[in-house]
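A quick write-up on the structure given underneath.
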Amino acid sequence: MAQEDVFKKIVSHCKEYGFVFPSSEIYDGLGAVYDYGQLGVELKNNIKQYWWQSMTLLHENIVGIDSAIFMHPTIWKASGHVDAFNDPLIDNKDSKKRYRADVLIEDQLAKYDEKIEKEVAKGRKRFKEAFNEEEFRATNGRVLEIAAKRAALHERFATALNDSNLVELRQIILDEEIVCPISGTRNWTEVRQFNLMFKTEMGSTSEGASTIYLRPETAQGIFVNYLNVQKTGRMKIPFGIAQIGKAFRNEIVARQFIFRMREFEQMEMQFFVKPGTELEWFSQWKETRMAWHQALGFGAENYRFHDHEKLAHYANAASDVEFKMPFGFKEVEGIHSRTNFDLSQHAQFSGKKIEYFDPELNESYTPYVIETSIGVDRMFLSVMCHAYEEEKLEGGDSRVVLRLPAALAPVKLAIFPLVKKDGLPEKAHEIMNELRFHFKCAYEEKDSIGKRYRRHDAIGTPFCITVDHETLNDGCVTIRERDTMKQERVKIEDLRALIEDKVSITSLLKKLK
Ligand code: GAP
């Protein structure tokens, strides 16, 4: 099945089973805003727990905060967001549709990649077993011609972006003959910068009201609380502050479901270090964060680092953790060495001294910062994309199974009475009433056991148990494991020990060094 079709299926699965709904759906939705349903919220909370606990339980020197979304507007001036948090926009005069100029060019680059892949596929078909892909890519005339065009475009695009050269961005769009996907024309406006921050007003009268921004990142709430936490927590450098919270960006091109949203959630950690040690900490945090991702068991081959060649003026290193989504390797997390830019800016704009007195050096300095920043929703999407599988079974049957890591699954155990009579529902409830204190359980008595298994496979429930007539005599139930579909008879009193450890967040944390 084409990856595009797989992705469509994942999106509809999310809706059908109560993971993610379009926001305001009965009013035809609201662009790039989504709601998490009854199962989605459980999965999302488990992802957040996994991150939060890995930061605050496994590191003695990392503490959490929860800062407000509304902040003093000068914060965004100091951070550079008011002046520079922009996307380059272009409109098509015929369709009146608005696009991000950089995205139109990135799509064009992707078209060159697709053309190369088509040539490779043709070569594979033509040469069959004798096909040597590496040699073909290095020598085939058509492939080399397309690759050269792509490289030239990439170079020109990177220079234009780096120089914030909007005229050149437009010229690239014209020279590459990029058309509007709606009108099919090349009737483009100039390229303009568009600030991504949402604004609102605080205060009751128009004269007294001031412009307030909805935060586009949670990080600034950490920077402006650096002194509070350092002093009240008597924190010694190196130390970190972690936070999970909503962020808002008026994305122009919002697409790929919950990959790029206007309201989303971030899990960010700022790690304050001694100047000069930041690059060591940067590599250490890259390793730590990659281990966190890989502990989920999705396979190392599905992750890669993308080190930034072009850095923001305040950063001295930056790398993304990319995950293989059905639409290619995409950024899920950013790890940045942000120097002392943010703290220095806030010191300058607030007039406060924001420093650390190092007792070992007997001197004060402005700490440098390593930031790890991951989107909860992107993480959710990567988990869903990896977990979704349409599995062919023996005998021609098939099932949709969500192979979620058990610790992230919304429901850990489904409890089924074989029939709705003979005291079996009562026994099933008795078991549930005992186990519900330890992990999330669900009770189901409708439909055949087979159908109930399928329903729970589709939502990723790692274990199901069936209470039958024998249970009343021998105190045993049949437990069935989602992935292997193996069934075995176990004692009711052993259930907790058998399941709890496997489905707990602790089981994931123990995999982290
Ligand atoms: N404080 C640094 C910062 O915000 P970023 O690369 O702009 O860096 C960090 O964002 C992470 O937040 C991204 O890797 C992504 O997972 C998530 N993210 C950013 N914009 C998003 C959007 N519009 N929708 C969903 N997630 C987003």
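Everything quoted here is computed from the prediction, not taken from an experiment.
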Is the distance between the ring centroids of [X] and [Y] less than 6.0 Å?
{"X": "H13", "Y": "Y388", "answer": "yes"}
{"X": "F7", "Y": "F327", "answer": "yes"}
{"X": "W292", "Y": "H59", "answer": "no"}

Residues passing the side-chain contact (heavy atoms from CB on, under 4.5 Å) test with K427, sequence neighbours excluded, are E430, V467, T471, L472, I492
Any [X] side-chain heavy atom under 4.5 Å of [Y] side chain:
{"X": "W281", "Y": "F271", "result": "yes"}
{"X": "Y443", "Y": "P425", "result": "yes"}
{"X": "F136", "Y": "F127", "result": "yes"}
{"X": "L196", "Y": "F248", "result": "no"}
{"X": "V477", "Y": "T466", "result": "no"}
{"X": "Q220", "Y": "H81", "result": "yes"}
{"X": "E470", "Y": "R489", "result": "yes"}
{"X": "F272", "Y": "Y226", "result": "yes"}

- Which residue pairs pass the side chain to side chain donor-acceptor pair (under 3.5 Å) test when at least one of the two sits in residues 321-336, sequence neighbours left out?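 Listed once each, the pairs are R289-E333, H293-E333, R304-E322, H336-E371.
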Looking at [Y] and [X], is any side-chain nitrogen of the basic one under 4.0 Å from a carboxylate oxygen of the acidic one?
{"X": "D87", "Y": "R100", "value": "yes"}
{"X": "E265", "Y": "K44", "value": "yes"}
{"X": "D457", "Y": "R399", "value": "yes"}
{"X": "D397", "Y": "K392", "value": "no"}
{"X": "E119", "Y": "K115", "value": "no"}
{"X": "E117", "Y": "K122", "value": "no"}

Is the charged tip of R249 near the ring of F198: under 6.0 Å from the six-membered ring centre and within 45° of its axis? no
Can the positive tip of R480 be found less than 6.0 Å from the middle of the six-membered ring of Y453, inside 45° of the ring normal?
yes
Which heavy atom of [X] sits nearest to which heavy atom of [Y], and what is that distance?
{"X": "Y213", "Y": "K199", "result": "CE2-CG, 3.5 Å"}
{"X": "I222", "Y": "I241", "result": "CD1-O, 3.4 Å"}
{"X": "D501", "Y": "S507", "result": "O-CB, 3.1 Å"}
{"X": "F282", "Y": "A317", "result": "CE2-CB, 3.6 Å"}
{"X": "F305", "Y": "S319", "result": "CD2-OG, 3.5 Å"}

Check: residues 19-42 side-chain donor-acceptor pairs under 3.5 Å, at least two apart:
{"unit_1": "E25", "atom_1": "OE2", "unit_2": "K15", "atom_2": "NZ", "d": "2.9"}
{"unit_1": "Y36", "atom_1": "OH", "unit_2": "D377", "atom_2": "OD2", "d": "2.6"}

* Sort and list the pairs that fulfil salt bridge (Lys or Arg N to Asp or Glu O under 4.0 Å) and have at least one residue in residues 279-288, not counting sequence neighbours. =>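 Residue pairs passing salt bridge (Lys or Arg N to Asp or Glu O under 4.0 Å), neighbours aside: K286-D307.
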### Query
Which salt bridge (Lys or Arg N to Asp or Glu O under 4.0 Å) pairs, counting each pair once, include a residue from residues 214-240, with sequence neighbours left out?
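Sorted result for residues 214-240: E217-R338.
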### K246 atom NZ, neighbour heavy-atom count above 12 within 6.0 Å
yes
Note to self: Could you check whether any side-chain N or O of T277 sits under 3.5 Å from a backbone N or O of V273, counting only pairs where one atom can act as donor and the other as acceptor?
What the structure shows: no
*asked:* What I want to check is whether the side chains of T478 and Q487 have a donor and an acceptor closer together than 3.5 Å.
replied: no
Exercise for review: Using only heavy-atom distances, determine whether the side chains of S337 and E278 contain a donor-acceptor pair under 3.5 Å.
Suggested key: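 Side chains of S337 and E278: no pair found under 3.5 Å.
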Could you pull out every donor-acceptor pair under 3.5 Å between side chains of residues 400-423 and any protein atom, sequence neighbours left out?
{"unit_1": "R403", "atom_1": "NE", "unit_2": "E389", "atom_2": "OE1", "d": "2.7"}
{"unit_1": "R403", "atom_1": "NH1", "unit_2": "D483", "atom_2": "OD1", "d": "3.2"}
{"unit_1": "R403", "atom_1": "NH2", "unit_2": "E391", "atom_2": "OE1", "d": "3.2"}
{"unit_1": "R403", "atom_1": "NH2", "unit_2": "E391", "atom_2": "OE2", "d": "3.3"}
{"unit_1": "K412", "atom_1": "NZ", "unit_2": "A406", "atom_2": "O", "d": "2.9"}
{"unit_1": "K412", "atom_1": "NZ", "unit_2": "A407", "atom_2": "O", "d": "2.9"}
{"unit_1": "K412", "atom_1": "NZ", "unit_2": "A409", "atom_2": "O", "d": "2.8"}
{"unit_1": "D422", "atom_1": "OD2", "unit_2": "H469", "atom_2": "NE2", "d": "2.7"}

Query - Aromatic ring pairing H308/H306, orientation class (parallel under 30°, perpendicular over 60°, tilted between) - result: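 Judged by the thresholds at 30° and 60°, the geometry between H308 and H306 is tilted.
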